Amino acid sequence: MSATTQQPSTDRPNTTPPATGTPAAKRRMPDRTTLRRLGALSRAELTLLVRNRSALFGALLMPLLMVGFLLTLGDTLGLGDGNLSVAAVIGTSAIGMVLLMAVYSTLIPAYVGRREERVLKRLRTGEATDAEILTGTAVPAVLLALIQCAVLIGVGSAHPSLSAPVRPDLLVVGVVLGMLMMVLMAIVTSAFTRTVESAQITALPLFLIAMMTSGMITQLDTLPDAMADIFRIMPFTPVMDLVRAGWLDAGGGDVTRALLLAIAWTALAGYAVRRWFRWDPRQ
Amino acid sequence: MTEHVIEVTGLRRRYGGGGSAAGAKKKGTGIAGAALGRKRGGDDGKGFEAVRGLDFSVRRGEVFALLGTNGAGKTSTVEVLEGLAAPTAGTVSVLGMDPLTDRAAVRPRIGIMLQEGGFPSDLTVTETARMWSGCVSEPRPIQEALEMVDMEDRASTRVKMLSGGERRRLDLAMALLGYPEVLFLDEPTTGLDPEARQQTWALIRRLRDSGTSIMLTTHYLDEAEKLADRLAIMHEGRIVHAGTPAEVTAQQPSRITFRLPAGVAPAHLPVTLRAAEYVDRIEIRTQNLQDDLAELLLWARQNGVALDQLNARTASLEEAFLDIARQQPQYEGAL
Ligand SMILES: Nc1ncnc2c1ncn2[C@@H]1O[C@H](COP(=O)(O)OP(=O)(O)O)[C@@H](O)[C@H]1O
Ligand SMILES: [Mg+2]
């Protein structure tokens with residue numbers, strides 16, 4: 001069979017041989033293709049984020065507002081009651097706040113919106129893999145959150161009663177695991193969210209649990225032991241334990257334990273995504 | 001030898017009730033659905049079988065139409081061919097590969113337009129195309145794709161400002177971005193105004209002439225009749241007629257209808273005519289219109305019977321389709 005009969009369409013520029021025959025051989029390196037597709041998807045997603053005022057507010061301003069709130073009320077909340085200074089608690093909590101707001105709470109409506117507008121369904125008919133499609137949506141929020149974390153650490157390190165991160169490696173591991181966990185949790189939560197608007201409500205359970213149990217408002221060592229033990233195994237606490245261990249070399253508990261717990265929760269979230277995520281609209 | 005770009009054998013697809021379909025429910029027991037019987041109405045906890053044993057193939061370079069009323073199972077069928085869902089039973093091959101397991105190799109060579117796909121409403125047409133183009137191995141220039149569907153003047157319009165028909169054309173343009181060898185179009189002209197519809201038909205013909213194989217679904221008879229090299233009429237999950245439009249037409253009986261005056265029982269008609277009595281008419285279906293009509297008229301003259309509202313129609317695709325559309329839920333579980 002001649003090559004011309006396989007030419008898919010005569011108006012195709014004749015620069016490459018037809019793809020028939022050995023498609024595997026002519027495919028480019030998969031990682032480069034993946035990067036290209038991720039780039040295209042995240043660029044579109046960034047445009048959407050910038051055009052959506054409430055999403056942008058949640059991703060950029062809210063974390064800052066929350067930090068300001070902690071700063072002004074820090075003493076009355078009793079933030080410095082444990083073995084950490086107020087500044088130490090606020091600095092690390094601010095990172096937690098960025099993870100919860102700029103990543104988790106921002107991404108739920110993004111996934112729901114794409115799903116309900118049948119964008120996910122449409123994208124799935126193309127060459128991008130499922131993982132690329134889901135990652136593409138997350139990239140802008142994750143990048144914005146990383147920038148905010150970097151700024152927070154930079155500003156915090158300059159603060160008189162704080163230092164530069166003591167164990168940067170642990171801090172990076174904590175932030176990266178936290179990002180991954182929040183993205184996966186956002187994907188799972190989106191599966192239980194019907195509309196973009198109701199994402200504000202479905203985000204609450206994990207958000208509140210994380211705030212209350214992870215030592216962001218109350219230091220765990222000021223709590224009764226039994227309570228602190230339960231709090232330490234909640235999903236977001238190991239992430240914050242790693243962040244505190246990385247920045248302050250403190251936070252109590254065992255770093256290995258926190259690392260294993262954070263990985264376990266992340267893996268569980270990954271499993272939940274496989275189990276419950278849906279591409280088709282719910283309405 | 002004819003090369004087939006799509007081959008389908010014994011394809012079945014069941015929603016819910018276990019089996020391997022992508023939408024399989026958790027409560028499914030894991031028992032394969034194929035052997036289970038089914039009650040009327042479809043959904044009795046064992047799920048609903050939307051596709052009930054299809055066999056067909058699409059040749060390279062042809063337009064193949066799957067024609068059927070709403071709910072016939074067209075979308076359920078093409079979703080399997082597109083690699084979006086697993087068959088409950090049977091096999092499909094696209095370009096010689098399994099569209100589901102060989103997805104990475106198949107997708108760069110096919111183009112898909114869903115019956116209901118979507119693009120982010122806050123992106124412009126160009127931004128949408130740029131996003132899509134970035135996901136295509138060897139994309140057509142965006143400008144060219146938009147020109148093909150006559151959308152170049154809408155390039156900077158937000159998707160949410162587009163009319164339903166324009167969205168449909170944008171969707172088609174995205175399906176064309178990768179120079180597909182095989183194009184899947186699920187109801188491509190539904191919602192288009194007559195002019196846009198003509199333009200889409202012209203585009204489909206041009207694509208076919210340049211070598212693209214096209215599988216389209218439609219519930220418009222004229223669309224299938226005008227565009228398709230071959231077609232299959234689908235009804236309740238099965239193919240009831242298949243072939244070229246001429247072949248399908250030839251399989252259809254011609255029809256003679258009339259009313260008998262009061263007092264003349266249909267039983268008096270010549271038995272060779274095999275007449276059927278309906279509430280409002282007598283109907284004779286025949287493969288031999290001229291002879292049967294002559295016989296009927298002779299009988300009427302000899303017996304002095306006036307045939308009221310006498311009508312003789314030669315077979316047409318429209319007759320075949322309307323006939324199927326008319327007979328709503330029937331022969332459940334038969335065959
Ligand atoms: N996700 C689903 N779950 C259950 N039944 C479905 C689902 N999708 C379609 N069906 C049913 O399957 C049948 C065929 O649907 P579909 O393939 O969409 O038909 P068509 O595309 O020909 O209009 C219909 O009776 C429809 O109600
Ligand atoms: Mg359909």
Side-chain angles (χ1 to χ4, degrees), chain A residues 1 4-13 15-16 18-20 22-24 26-28 30 33 35-45 47-52 110 113-130 132-133 136-137 275-276 278-281, chain B residues 1 3 22-23 26 60-61 82-84 95-97 102-114 116-124 127-128 130-138 140-141 144 148 158-159 171 174-182 184 206-207 209-213:
Chain A
M1 188 174 297
T4 46
T5 60
Q6 303 199 348
Q7 192 72 5
S9 142
T10 49
D11 54 354
R12 185 177 199 152
T15 50
T16 48
T20 330
T22 54
K26 76 170 282 290
R27 246 181 292 140
R28 273 172 244 129
T33 337
L35 278 183
R36 182 162 155 264
R37 293 197 285 245
L38 268 184
L41 293 172
S42 4
R43 180 178 173 186
E45 200 64 42
T47 311
L48 290 169
L49 182 61
V50 169
R51 291 201 180 138
N52 183 339
R114 289 333 144 248
R115 183 192 69 209
E116 293 304 314
E117 286 192 314
R118 299 171 204 275
V119 177
L120 294 181
K121 196 174 163 161
R122 187 71 180 87
L123 283 172
R124 270 195 109 207
T125 65
E127 293 178 40
T129 64
D130 291 355
E132 286 164 5
I133 295 169
T137 300
R275 181 81 174 69
W276 283 297
R278 42 185 304 160
W279 299 91
D280 289 347
Chain B
M1 193 203 86
E3 189 197 351
K26 46 191 170 238
R60 184 173 284 279
E82 293 161 346
L84 294 171
L95 293 162
M97 293 175 277
D102 301 326
R103 171 171 152 169
V106 176
R107 285 291 168 77
R109 297 169 60 189
I110 67 175
I112 296 173
M113 175 172 159
L114 295 174
E116 285 185 310
F119 299 105
S121 51
D122 278 327
L123 290 185
T124 66
E127 286 162 350
T128 304
R130 206 184 286 136
M131 167 183 86
W132 200 263
S133 165
C135 293
V136 170
S137 310
E138 289 173 44
R140 205 185 275 277
E144 182 186 315
M148 289 174 87
R158 298 261 177 106
V159 168
D171 207 336
M174 297 307 96
L176 295 173
L177 265 181
Y179 299 98
E181 285 173 66
V182 182
F184 293 92
R206 255 186 288 135
L207 288 164
D209 293 344
S210 65
T212 311
S213 315

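Just so we're on the same page: letters track the sequence lines, and every chain starts at 1. As the structure is a prediction and not an experimental result, all values here were calculated from the model.
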*Just give me the residue among A/T125, A/D280, A/T47, A/L41 that pairs up with chain B most often, heavy atom to heavy atom, under 4.5 Å.*
A/T125
*Which atoms of B/R103 come close to chain A, meaning under 4.5 Å heavy atom to heavy atom: side chain ones, backbone ones, both, or neither?*
side chain
*Between B/M131, B/E82, B/E116, which has the largest tally of heavy atom pairs under 4.5 Å with chain A?*
B/E116
*Quick one: which of A/L38, A/N52, A/T129, A/L123 has the most heavy-atom pairs under 4.5 Å with chain B, could you say?*
A/L123
*asked:* If you define the side chain from C-beta out and look only at heavy atoms, does anything of A/R122 sit under 4.5 Å from B/D171?
replied: yes
*Got more than 12 heavy atoms from elsewhere within 6.0 Å of CZ, B/R158?*
yes
*asked:* For A/E127 and B/S137, which I'm curious about, is there any donor-acceptor pair between the side chains at under 3.5 Å?
replied: yes
*With a 4.5 angstrom heavy-atom cut-off, which part of B/E127 approaches chain A: side chain, backbone, both or neither?*
side chain
*What's the shortest heavy-atom distance between B/P120 and A/V119, and which atoms?*
N-CG2, 3.4 Å
_Shortest non-hydrogen separation from B/S121 to A/E117 and the atoms involved_ = OG-OE2, 2.5 Å
*chain B: which of A/R118, A/R124, A/E116 shares the most heavy-atom pairs with it under 4.5 Å?*
A/R118
*Quick one: of B/G111, B/G96, B/C135, B/G117, who has the most non-hydrogen atom pairs under 4.5 Å with chain A?*
B/C135
